[in-house]
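See structure below.
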Amino acid sequence: VERTLRIALAGYISSIPPGYPLYVSTLYAVARGVFGVQDISFFRRGTSEPLTNAYPDSPRSALRTDSSSIVVVQTPAS
């Protein structure tokens with residue numbers, strides 16, 4: 001599930017056209033579409049601060065990442 005989730009999220013982010021923002025709500029929708037994902041939260045890397053929408057620096061800039069840059073941390077089931 002972890003690998004599939006990272007690939008799905010990176011694929012979505014890479015598909016955002018230049019000048020368009022990354023909406024966290026869409027990340028949730030993409031994650032929910034991955035079989036086996038039951039619950040998910042997004043945080044800024046290295047913090048406990050929730051991820052917020054990201055906007056490119058200019059209309060010609062694109063937001064990009066790859067699956068190796070996405071960290072998935074599984075929590076124990078309660």
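Because the structure is predicted, anything quoted here is derived from the model rather than measured.
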Pair Y28 and F42, ring centroids less than 6.0 Å apart: yes

Closest heavy-atom pair and its distance - V72, E2: CB-CG, 3.6 Å

Distance-minimising heavy-atom pair for Y23 and Y12: N-OH, 4.3 Å

Nearest atoms (heavy-atom pairs only) where I40 meets L5: CD1-CD2, 3.8 Å

Side-chain donor/acceptor of R64 to backbone N/O of I16, under 3.5 Å: yes

Hydrophobic cluster identity match, V34 and L51, side-chain contacts under 4.5 Å: yes

Side-chain donor or acceptor of S14 paired with backbone N/O of G11 under 3.5 Å: no

Min side-chain heavy-atom separation Y55-N53 under 4.5 Å: yes

Spacing of CG belonging to L27 relative to CG belonging to L9, to within rounding of 0.5 Å: 6.0 Å

P56 versus S61, closest heavy-atom pair with distance: CB-O, 3.5 Å

For the student: nearest non-hydrogen atoms of P50 and R44, plus distance: O-CG, 4.1 Å

Nearest-0.5 Å distance that lies between atom OG in S67 and atom CZ in R3: 7.0 Å

Closest non-hydrogen atom pair, R45 against I70: NH2-N, 4.1 Å

